[in-house]
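Written out below as structure tokens is the structure these notes cover.
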Amino acid sequence: FPVTIPERKKLIDEFTESFSFSASSLNTLRKCSLRFYLRYICKVKEPPQEDVFLDSKTIGDIIHKIVENSLLPFVGKKIESAKVQLSWDAIEKIFDDYVSKEFKDKDFSSGEGLVQKAYLCDTALKLLKGICDMDNGVQLIGIEDVIPSSLMIGSMNIKFTGRIDKVQERNGIIEII
């Protein structure tokens with residue numbers, strides 16, 4: 001597929017003005033600086049992988065979204081295992097609501113899509129049960145919080161963005177996960 005790259009100086013100026021590094025963008029830079037340059041500076045989209053229904057990042061995003069939506073009612077409260085919706089139906093509803101908005105082009109009702117749906121819902125349900133067993137009675141302070149930061153290097157302000165899965169208080173100690 002054809003790729004056009006605008007004027008280099010303009011690209012670099014726009015990049016340094018608005019870009020915020022994330023864990024995945026830093027990992028891309030570490031693994032392949034050309035891929036980083038093309039993806040994040042030139043904004044060239046990678047062609048979709050035709051043979052993959054959902055890539056590993058998307059699978060992780062979906063599981064995170066299911067867990068986040070299941071625990072969201074407990075932010076600012078103690079996690080009560082008995083009140084967390086740990087049924088297949090509750091997990092499946094969260095899955096269906098999320099993918100209907102985010103993945104309109106995917107069919108999760110049959111074939112590979114149905115297999116992945118079952119796998120993702122089962123994985124999220126097991127993860128939630130583990131969280132509830134381990135964290136019952138723990139005060140949930142936040143979930144999926146975005147934390148921005150920056151670092152001045154010379155005259156350049158380098159921005160970073162991180163995501164914290166869970167912030168909770170256990171026995172008077174704040175835990176960041």
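In M156, the CE atom is not crowded: 12 or fewer heavy atoms of neighbouring residues, nucleotides or ligands sit closer than 6.0 Å. Other residues, nucleotides and ligands contribute only 12 or fewer heavy atoms inside 6.0 Å of the CZ atom of R35. The 12-atom threshold is not exceeded at NZ of K93, counting heavy atoms of other residues, nucleotides or ligands nearer than 6.0 Å.
In this structure F95 satisfies the ring-ring contact (aromatic ring centres under 6.0 Å, His included) test together with F108, sequence neighbours excluded.
Nearest heavy-atom pair, I79 versus D135, reported as atom, atom and distance to 0.1 Å: CB-O, 3.7 Å. Across all their heavy atoms, L140 and L71 have their closest contact at CD2-O, 3.5 Å. Listed here is the closest heavy atom pair of G76 and Q139: O-NE2, 2.9 Å. For S70 against I94, the heavy-atom pair with the smallest separation is OG-CD1, 3.4 Å. Minimum interatomic distance between V138 and E169 (heavy atoms only, all atoms of both residues): CG1-O, 3.2 Å. The minimum heavy-atom distance linking I164 with I177 is given by the pair CG2-O, 3.5 Å.
If you look at F19 and Y40, their ring centroids are closer than 6.0 Å.
Looking at S150, its side chain never comes within 3.5 Å of a backbone N or O of I158 through a donor-acceptor pair. For the pair T28 (side chain) and S24 (backbone), a donor-acceptor distance under 3.5 Å is present. Between the K117 side chain and the S110 main chain, no donor and acceptor come within less than 3.5 Å of each other. S81 contributes a side-chain N or O that, together with a main-chain N or O of C132, makes up a donor-acceptor pair within less than 3.5 Å. Looking only at distances, a side-chain donor or acceptor of S18 sits under 3.5 Å from a matching main-chain atom of E14.
T58 and D61 share no donor-acceptor pair across their side chains, judged by distance under 3.5 Å alone. Checked by atom type, the side-chain pair D107/S109 shows a donor-acceptor distance below 3.5 Å.
The pair D122-K126 counts as a salt bridge, with a side-chain nitrogen and a carboxylate oxygen less than 4.0 angstrom apart. Contact check on K166 versus E144 returns no salt bridge, with no Lys/Arg side-chain nitrogen under 4.0 Å from an Asp/Glu carboxylate oxygen.
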